[in-house]
Amino acid sequence: MLFRMRFRIFILFFSLFSLSSLFAHDQHDQPLKGEGIGAFLQRNGRSGKHYRKAFLELNKERLQGKEELRMGVSYQLPPLDSSAGQKPAQGKTARRGNGAGIRESLKEPLFGKENEHIKISSTRLAGACFYVVSGHGGPDPGAIGRIGNVEVHEDEYAYDVALRLARALMQEGAEVRIIIQDGKDGIREDRYLANSKRETCMGTPIPLNQKARLQQRCAKINQLYRKDRERHTYCRAIFLHVDSRSKSHQTDVYFYHADASAEGKRLANIMKNTFQSKYGKHQPNRGFTGTVGARNLYVLANTAPAGVFVELGNIQNAFDQRRFVINSNRQALANWMKEAFIRDYEKLGR
């Protein structure tokens, strides 16, 4: 009798163990709005080519030959590789289960009172980290243009676009480091942005000497990157500037990458292609002449994460000035760069 009872208990425990093992190896989840395969796997703690390949094999009937996820479809997750030591992402936007997602609001006072609350609308950039750097600042206004009797300074417009970009990236679930900061300005809707010398490098005064100024922001990015790369699978820097040429020289947005950076080159080309596509949609008869080039710029050569250097236009040219002074145009610049980052991130299958 005692033997039979022990045998039944053994069978019960064995069945429970087998059942739990089965569930552990047959997990499903539904994608959040806007998620690609890379972001979906990242949220579920399965980053990298190994998991992507396994996912495609497990779900080939659901995917029907396409590497695109559909809302409302439950996809089988590859078993976790115990040797990888990975866990599901535990971020502000991470949630497993029914795929509804968490719509949290973050708070960033640098964006100003009207914009400091950020609603996270997707996890398309979950696992990504960005270093957003507006050019010049502090004692250096950068390029100066004129519109009538008004002076317009490069650092103010680059900073406003930088804040808009940072906020847009955060809405997609990214971690964002705003390297150049002004505690008062926030995102501004004005046509003419008031000039100031308040900008700092994350709280540290910006030196006037050009080399010291560039060294300072590179050192700050590299310091942050040493820790960020342990938690993020994708880290990118972006440097935003406004060029100064003759008044008659109209330019489109153009992009630089470091000479030997394949990742920077790919990102710069994706950005150019994204802008070209947007111009084709919104101004089909205008065309887009922005370019991509390799250039040995100090900030690109001396920062550890791959990066792209963006010239937003010519501050002296009346047509280019409309790209900066109209607030909706500044927002469009930020949105298009965000979309390019999403495309680059998803191409890596992260």
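Only this structure's heavy atoms are used, side chains among them; waters, hydrogens and symmetry mates stay out.
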Discussion item. Under the criterion side-chain contact (heavy atoms from CB on, under 4.5 Å), I'd like the reasoning laid out for F111 against R164: C-alpha separation, chi angles, the key distance, then a yes or no.
Written reply: CA-CA 8 Å; F111 297 145; R164 293 170 186 269; over 6 Å; no
Worksheet item: Under a 4.5 Å side-chain heavy-atom rule over Ile, Leu, Val, Met, Phe, Trp and Tyr, are V161 and I118 clustered together?
Response: yes
Worksheet item: Taking all atoms of both residues into account, what is the closest heavy-atom pair of G186 and D160, and its distance?
Response: O-OD1, 4.1 Å
Worksheet item: Got I221 and R177 here, is their nearest side-chain heavy-atom distance under 4.5 Å?
Response: no
Worksheet item: Are any non-hydrogen side-chain atoms of D185 and Y159 less than 4.5 angstrom apart?
Response: yes
Worksheet item: So if you build clusters from Ile, Leu, Val, Met, Phe, Trp, Tyr with side-chain heavy-atom gaps below 4.5 Å, do I238 and V292 land together?
Response: yes
Discussion item. Within the supplied structure, the quantity of interest is the number of heavy atoms (other residues, nucleotides, ligands) at a distance under 6.0 Å from E189 CD; does it exceed 12?
Written reply: yes
Worksheet entry | Hphob cluster co-occupancy, Y279 + Y254, side-chain heavy atoms under 4.5 angstrom | no
Worksheet item: Is R295 salt-bridged to D259, cutoff N-O under 4.0 Å?
Response: no
Worksheet item: Is there a donor-acceptor pair under 3.5 Å between the side chain of N329 and the backbone N or O of V325?
Response: no
Worksheet item: If you take all heavy atoms of V73 and P31, which pair is closest and at what distance?
Response: O-CD, 3.3 Å
Worksheet item: Are a donor atom and an acceptor atom from the side chains of S244 and Q316 found within less than 3.5 Å of each other?
Response: yes
Discussion item. Apply side chain to side chain donor-acceptor pair (under 3.5 Å) to residues Q331 and N335 and explain how you reach the verdict.
Written reply: CA-CA 6 Å; Q331 188 61 51; N335 292 343; 3.0 Å; yes
Worksheet item: Would you say L240 and V133 make side-chain contact, with heavy atoms under 4.5 Å?
Response: no
Item to complete: Apply side chain to side chain donor-acceptor pair (under 3.5 Å) to D140 and H136, showing your working.
Response: CA-CA 6 Å; D140 175 24; H136 305 278; 2.5 Å; yes
Practice prompt. Is it possible for you to say whether I180 and M337 belong to one hydrophobic cluster, with membership spreading through side-chain heavy-atom contacts below 4.5 Å?
Written response: no
Item to complete: Carefully, step by step, assess E57 and K60 under the rule salt bridge (Lys or Arg N to Asp or Glu O under 4.0 Å).
Response: CA-CA 5 Å; E57 179 62 27; K60 55 187 177 183; 3.0 Å; yes
Worksheet item: Same cluster for L267 and V310 if Ile/Leu/Val/Met/Phe/Trp/Tyr side chains link at under 4.5 Å?
Response: yes
Fill in: K265 atom NZ, over 12 foreign heavy atoms within 6.0 Å
no
Worksheet item: Is the closest basic N to carboxylate O distance between E346 and R124 below 4.0 Å?
Response: no
Item to complete: Walk me through it: do I179 and M202 pass the test side-chain contact (heavy atoms from CB on, under 4.5 Å)?
Response: CA-CA 6 Å; I179 304 301; M202 300 191 84; 3.8 Å; yes
Worksheet entry | Electrostatic pair R245-D243, nearest N-O below 4.0 angstrom | yes
Item to complete: Indicate the ring-plane relationship of F55 and Y75, choosing parallel, tilted or perpendicular according to the 30° and 60° boundaries.
Response: tilted
Worksheet item: Side-chain contact, heavy-atom cut-off 4.5 Å: V152 with I144?
Response: no
Fill in: Steps toward side-chain contact (heavy atoms from CB on, under 4.5 Å) verdict (K184, R198)
CA-CA 8 Å; K184 182 178 178 181; R198 289 185 300 266; 3.6 Å; yes
Worksheet item: Is there side-chain contact between Q216 and T204, with at least one heavy-atom pair below 4.5 Å?
Response: yes
Worksheet item: Looking only at heavy atoms, what is the nearest atom pair of S196 and D182, with distance?
Response: OG-OD2, 3.4 Å
Worksheet item: Does a side-chain N-to-carboxylate-O contact under 4.0 Å join K197 and E199?
Response: no
Practice prompt. Please round to the nearest 0.5 Å and tell me the distance separating atom CD1 of I37 and atom CG of N59.
Written response: 8.5 Å
Worksheet item: If we ignore angles and hydrogens, is there a donor and acceptor under 3.5 Å between the side chains of E172 and S122?
Response: yes
Practice prompt. Please step through side chain to side chain donor-acceptor pair (under 3.5 Å) for the pair Q321 and R146, ending with a clear verdict.
Written response: CA-CA 9 Å; Q321 285 170 347; R146 297 194 72 86; over 6 Å; no
Item to complete: Start with the C-alpha gap between E339 and K278, add the side-chain angles, then the distance that decides, and say whether side-chain contact (heavy atoms from CB on, under 4.5 Å) holds.
Response: CA-CA 10 Å; E339 290 190 27; K278 295 297 182 180; 3.1 Å; yes
Worksheet item: Would you call E108 and R167 a salt bridge, using N to O less than 4.0 angstrom?
Response: no
Response to the item:
Distance col, row K338:NZ vs L169:CG, nearest 0.5 angstrom, shows 8.0 Å
Worksheet entry | Check ion pair R323-D320 (N to O, under 4.0 angstrom) | yes
Practice prompt. With the side chain counted from C-beta on, respond yes when R266 and D344 share a heavy-atom pair under 4.5 Å apart, and no when they do not.
Written response: yes
Worksheet item: Given side chains that start at C-beta, do those of T291 and F255 come closer than 4.5 Å, heavy atoms only?
Response: no
Practice prompt. Mind listing the closest non-hydrogen atom pair of P78 and Y51 along with its distance?
Written response: CG-O, 3.5 Å
Discussion item. Would you call the rings of W336 and F275 parallel, tilted or perpendicular, taking 30° and 60° as the class edges?
Written reply: perpendicular
Worksheet, complete the sentence: Residues G135 and A158: closest non-hydrogen pair is N-CB, 4.2 Å
Worksheet item: Less than 4.5 Å apart, any side-chain heavy atom of E175 and any of D228?
Response: no
Worksheet item: Does E61 CD have over 12 foreign heavy atoms under 6.0 Å away?
Response: no
Fill in: Nearest atoms (heavy-atom pairs only) where Y256 meets L297
CD1-CD1, 3.9 Å
Discussion item. I want to know whether F341 and F130 have ring centres closer than 6.0 Å.
Written reply: yes
Worksheet item: Can R286 and D252 be counted as an ion pair, charged N to O under 4.0 angstrom?
Response: yes
